[in-house]
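These notes concern the structure reproduced below.
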There are 2 protein chains.
Amino acid sequence: MNTNERGTGRTRARILEIARELMAKQGYAGTSIAHIANQLGTSKAGIYYHFKSKEEILDALLTRPVLAYADIAERAAQGAPPAELLGAIIDLTAELKEFAGFHSDPSTLLALGERPQQSDIQSKQVRVIAALAGPRPSQAARVRARAAFAVASDGTAGVAAASDNGLTKPERDELLAAALRALQPR
Amino acid sequence: MNTNERGTGRTRARILEIARELMAKQGYAGTSIAHIANQLGTSKAGIYYHFKSKEEILDALLTRPVLAYADIAERAAQGAPPAELLGAIIDLTAELKEFAGFHSDPSTLLALGERPQQSDIQSKQVRVIAALAGPRPSQAARVRARAAFAVASDGTAGVAAASDNGLTKPERDELLAAALRALQPR
DNA sequence: GTCTATATAAAGATAGAC
DNA sequence: GTCTATCTTTATATAGAC
């Protein structure tokens, strides 16, 4: 029988890497098993040996990002200060920059939403934003929290996409400072 | 013959409205003609009387947003100040909030990129961001420009999505102020 | 572990009746 | 202007050989 549990092999890892690239570029719905197989240089059936469905590929891809976001939401619930939360969002976004486009692909979100075991990534974001807004926030404070979150999330994604390597320290510092300025009332 | 040039009717408008909703929710690739026809209560062929292809529906949907962004890029090229540019982005994003998810759907961008007549919306964004960064910008200034743009674009989308109606004046003012703070060096 | 072949469903799109 | 019926392609997924 198989020493590989059909889950730890290098081929599986390559499939995930290819799927991630294609789905980031074309979205989940726009990426077919055939396309992934072509990139891998094998047949469609070859893919199905490693994953029993296309959704399982998505699950495998998003497990880590979802867990990372859950961790940030947890820290928010425990009263972590805004600078820490925003810094964590910046670092996570930069670390997962290969996933850029993923969190904003409607078909990915839709497929993800249909899988109950994957706790909703958007609901975690809402909780983090609520934490940034502080207790009993005014309407203006809520808007500032959204603004700061946008800087840490989409702003970081933009900066990371523009530079070939990872986020540099000065870039990170500048993003965090900008997010904090956005959060601060005058 | 047809007084309607097969382009001005109410049915066509309904198709576009339904397509916009579905594509915002599921992405371009994830939305089928059959799905649109179901929502409309007609057959697939009925759709094809009004549009000769799925891509033509996308073109029709995105013509206005693309033009609006081109206009902002034009004002940026003519040296409009940051407050004006950021305000314009906020207003545009709020006005087109029904399109939320659209500009971030990879399959939409991909399909749009394959249509040469639709000038690339992302390249316009890059130009606006460059204008925000100012002449001969430092690396830090470029990051701040991205941050400010993120507030005006994604921050506004988030606020608009959270509130049922359009963006209120206080919300708009708060977003613009936050974007300008993000843009400003200490 | 990967292949060919195939089943089955859904996609985009057209022909022609009404 | 909308229908049914159909064509063609592509999609997910499986069966069974090697």
Spacing of CG belonging to Leu109(B) relative to NZ belonging to Lys25(A), to within rounding of 0.5 Å
13.0 Å
Distance in Å, Met23(B) CE paired with Asp105(B) CG, rounded so as to fall on 0.5 Å steps
9.5 Å
Acceptor/donor pairs from residues 149-158 of chain A side chains to any protein atom, 3.5 angstrom cut, sequence neighbours excluded:
{"residue": "Thr156(A)", "atom": "OG1", "partner": "Ala152(A)", "partner atom": "O", "Å": "2.6"}

For nucleotides 2-18 of chain C, give me one character per nucleotide, 5' to 3': B if any protein heavy atom sits under 4.0 Å from the base, S if the only such contacts are to the sugar-phosphate, - if neither.
BBB------SBBBB---
Whole-Å gap separating P (dT10(D)) and CD (Gln26(A)):
14 Å
Anything under 3.5 Å between a donor and an acceptor, one on a side chain of residues 81-94 of chain A, the other on a protein residue two or more places apart or in another chain? List them.
{"residue": "Glu84(A)", "atom": "OE2", "partner": "Arg75(A)", "partner atom": "NE", "Å": "3.2"}
{"residue": "Glu84(A)", "atom": "OE2", "partner": "Arg75(A)", "partner atom": "NH2", "Å": "3.2"}
{"residue": "Asp91(A)", "atom": "OD1", "partner": "Arg172(A)", "partner atom": "NE", "Å": "2.8"}
{"residue": "Asp91(A)", "atom": "OD2", "partner": "Arg172(A)", "partner atom": "NH2", "Å": "2.9"}
{"residue": "Thr93(A)", "atom": "OG1", "partner": "Ile89(A)", "partner atom": "O", "Å": "2.7"}

Short N-O contact, Glu174(A) and Arg186(B), less than 4.0 angstrom
yes
